[in-house]
There are 2 protein chains.
Amino acid sequence: MKPDAPSPDSLPEWRVAMIELFVGGAQLIGLPKSLGQIYGYLYSAVEPATMDQVIVDLGISKGSASQGLKFLRQLGAVKTQLIIGDRRDHFVAEVRSKKLMGGFIREKLTPALEDGAERVGFIRELLAQEGLMGDSVQKDQVVKLETWNKKLKMALPLIQKVLGE
Amino acid sequence: MKPDAPSPDSLPEWRVAMIELFVGGAQLIGLPKSLGQIYGYLYSAVEPATMDQVIVDLGISKGSASQGLKFLRQLGAVKTQLIIGDRRDHFVAEVRSKKLMGGFIREKLTPALEDGAERVGFIRELLAQEGLMGDSVQKDQVVKLETWNKKLKMALPLIQKVLGE
DNA sequence: CATTAAGTTCAAACACAAATGAACTATTTG
DNA sequence: CAAATAGTTCATTTGTGTTTGAACTTAATG
């Protein structure tokens with residue numbers, strides 16, 4: 001048996017449970033476990049936390065904490081809050097679903113869709129070169145891809161609206 | 001320089017490009033690369049393919065092909081088609097977006113949401129035990145989780161409708 | 001009913017994304 | 001301006017999800 005796990009033991013059970021919930025959520029949308037951990041930690045925190053608290057309470061490395069917080073900030077899922085008379089950054093979870101969805105759509109979904117559109121365009125060219133763009137099965141398949149891409153792009157704002165606050 | 005990569009070279013460039021597109025798509029929704037490969041291979045195929053063709057053309061192992069096809073079938077993204085006088089299974093990609101979305105929602109999203117709801121219930125209990133469920137920050141946080149879960153559950157059919165054929 | 005082929009399973013190997021931590025830069029403060 | 005503290009970076013290590021392949025089950029065929 002392990003003598004003692006790093007230290008998350010010092011967190012109350014309900015916080016650990018919340019963190020686990022967010023770890024699952026992160027993995028569902030393809031984000032690393034540690035991001036879920038950090039976000040969950042901040043979500044379950046009653047007041048803003050420093051990077052050092054994150055490191056100690058979650059038992060993760062300085063590097064992970066720094067990178068994780070950086071990414072979450074750029075995603076808009078975490079904000080810093082100025083505490084006067086303390087030069088350390090203090091981190092808070094963004095909980096407004098509109099903001100969260102917005103960040104995810106902007107940082108992950110939109111780029112993926114754009115990449116997809118580009119790739120489909122490339123495929124269309126390749127088929128044209130092969131003389132396969134006059135009504136062939138292949139042409140239909142490409143058109144279908146284009147339709148999917150457009151439909152998804154159009155659906156994003158709607159989804160954001162439905163799930164927004 | 002490599003003498004020759006396994007064999008995907010025998011596939012026309014446009015098929016390789018399509019397969020790459022689906023690999024990206026698979027990873028976006030958290031599915032393994034090989035599933036994207038297999039689906040892309042079948043999507044870009046003009047006629048039903050046997051498992052053996054998948055193995056040879058994609059250069060993957062029997063095990064991967066078998067497991068991958070099995071999973072895709074249970075997800076509803078791949079169907080088998082009977083070819084009379086041939087005892088091998090012949091696989092075809094399901095392309096109707098309604099079916100695809102339906103399978104994904106049923107196999108991945110719904111279970112995740114249910115697991116989430118259960119976990120939130122558990123957190124609620126833990127907080128109650130600690131006497132923290134009378135208007136505390138914690139209570140608000142749990143309620144917010146419950147709201148998110150409900151909203152997502154309700155949004156699924158709508159999303160399916162918007163993206164369906 | 002023995003032989004061949006199709007497809008499945010799962011322990012072990014592998015590859016790669018994620019985490020680490022030491023070295024770094026930037027900022028504060030006495 | 002030296003020393004201490006906060007935060008970043010990135011080459012290396014680690015962990016784990018994916019892939020493999022050999023052994024297996026199931027089903028067809030002569």
Side-chain angles (χ1 to χ4, degrees), chain A residues 2 5-8 19-20 22-24 26-42 48-75 78-91 108, chain B residues 2 5-8 19 22-24 26-42 48-75 78-92 108:
Chain A
K2 293 178 180 172
S7 98
I19 291 169
E20 282 171 348
F22 283 105
V23 168
Q27 286 181 320
L28 184 68
I29 60 175
L31 298 178
K33 221 174 75 171
S34 65
L35 291 186
Q37 277 188 94
I38 297 171
Y39 183 82
Y41 176 78
L42 295 176
T50 63
M51 192 168 102
D52 212 62
Q53 291 177 302
V54 172
I55 292 169
V56 171
D57 289 341
L58 291 178
I60 65 179
S61 70
K62 223 181 178 207
S64 264
S66 172
Q67 288 176 180
L69 287 167
K70 186 181 172 190
F71 182 81
L72 287 172
R73 235 180 317 176
Q74 119 182 46
L75 215 151
V78 157
K79 297 170 295 189
T80 54
Q81 186 172 309
L82 179 67
I83 303 284
I84 46 142
D86 190 338
R87 74 156 143 141
R88 292 170 298 176
D89 286 339
H90 290 251
F91 299 92
K108 298 227 82 173
Chain B
K2 292 177 179 171
S7 97
I19 292 169
F22 283 105
V23 168
Q27 289 182 318
L28 184 66
I29 60 176
L31 298 177
K33 218 174 78 171
S34 66
L35 291 186
Q37 277 189 95
I38 296 171
Y39 183 82
Y41 176 78
L42 295 175
T50 63
M51 192 168 103
D52 213 64
Q53 291 177 301
V54 173
I55 292 168
V56 171
D57 288 341
L58 292 179
I60 64 178
S61 71
K62 223 182 176 200
S64 263
S66 172
Q67 287 176 184
L69 286 166
K70 187 182 173 188
F71 182 82
L72 286 172
R73 235 179 318 176
Q74 120 182 47
L75 215 154
V78 157
K79 297 170 295 190
T80 53
Q81 185 171 310
L82 179 67
I83 304 283
I84 47 143
D86 191 337
R87 72 159 144 140
R88 292 169 300 176
D89 285 340
H90 290 251
F91 299 92
V92 186
K108 299 228 81 176

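Lettering follows sequence order; numbering is per chain, from 1.
When side chains are defined from C-beta on, B/R73 counts as touching B/T80, because their heavy atoms get closer than 4.5 Å. Using a 4.5 Å cut-off on side-chain heavy atoms (C-beta onward), B/I60 and B/I38 make contact. Counting only heavy atoms from C-beta outward, the side chains of B/L31 and B/K108 approach each other to under 4.5 Å.
B/A65 approaches B/I55 most closely through the heavy-atom pair CB-CG1, 3.6 Å.
Checking D/dG7, D/dT20, C/dA18 against the side-chain heavy atoms of A/R88 singles out D/dG7 as nearest.
Between A/Q53 atom CD and D/dG7 atom P the separation is 11 Å, expressed in whole Å. The distance between atom CG of A/D86 and atom C1' of D/dT5, rounded to the nearest whole Å, is 11 Å. In this structure, A/I55 places its CD1 atom 9 Å from P of D/dG7, rounding to the nearest Å. For the pair A/M51 CE and D/dT5 P, the computed distance is 15 Å after rounding to whole Å. Distance CD (B/Q67) to C1' (D/dT20): 9 Å, rounded to an integer number of Å. Spacing between atom NZ of A/K33 and atom C1' of C/dC16 amounts to 16 Å, rounded to whole angstrom units. Atom pair B/D52:CG and D/dG21:P shows a separation of 15 Å (rounding to whole Å applied). If you take NZ of A/K70 and P of C/dA19, they are 16 Å apart, rounded to a whole angstrom.
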Table of protein N/O atoms under 3.5 Å from nucleotides 25-30 of chain C N/O atoms:
from, atom 1, to, atom 2, distance (Å)
C/dT27, O2, A/R87, NH1, 3.3

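The phosphate of D/dT8 (OP1 or OP2) has a side-chain N or O of A/R73 nearer than 4.0 angstrom. The shortest distance between the side-chain N/O atoms of B/S34 and the OP1/OP2 oxygens of D/dT19 is below 4.0 Å. Taking side-chain N and O atoms only, B/K62 has no distance below 4.0 Å to OP1 or OP2 of C/dA6.
The side-chain hydrogen bond (donor to acceptor under 3.5 Å, both in side chains) search around B/Q81 returns none, not counting sequence neighbours.
Comparing A/Q27 and A/D89, the nucleotide of DNA chain D nearest to each residue sits closer to the 5' end for A/D89. Two residues, A/H90 and A/S64, neighbour DNA chain D, and the one matched to the more 5' nucleotide by heavy-atom proximity is A/H90.
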- Item | Chi angles and distances behind the side-chain contact (heavy atoms from CB on, under 4.5 Å) call for B/F91, B/L72 | CA-CA 10 Å; B/F91 299 92; B/L72 286 172; over 6 Å; no
- Task: Show the numbers, then the answer: is there a side-chain contact (heavy atoms from CB on, under 4.5 Å) between B/L58 and B/I19?
- Result: CA-CA 10 Å; B/L58 292 179; B/I19 292 169; 4.0 Å; yes
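Nucleic acid contact class of B/L69 (heavy atoms, under 4.0 Å, all strands): none.
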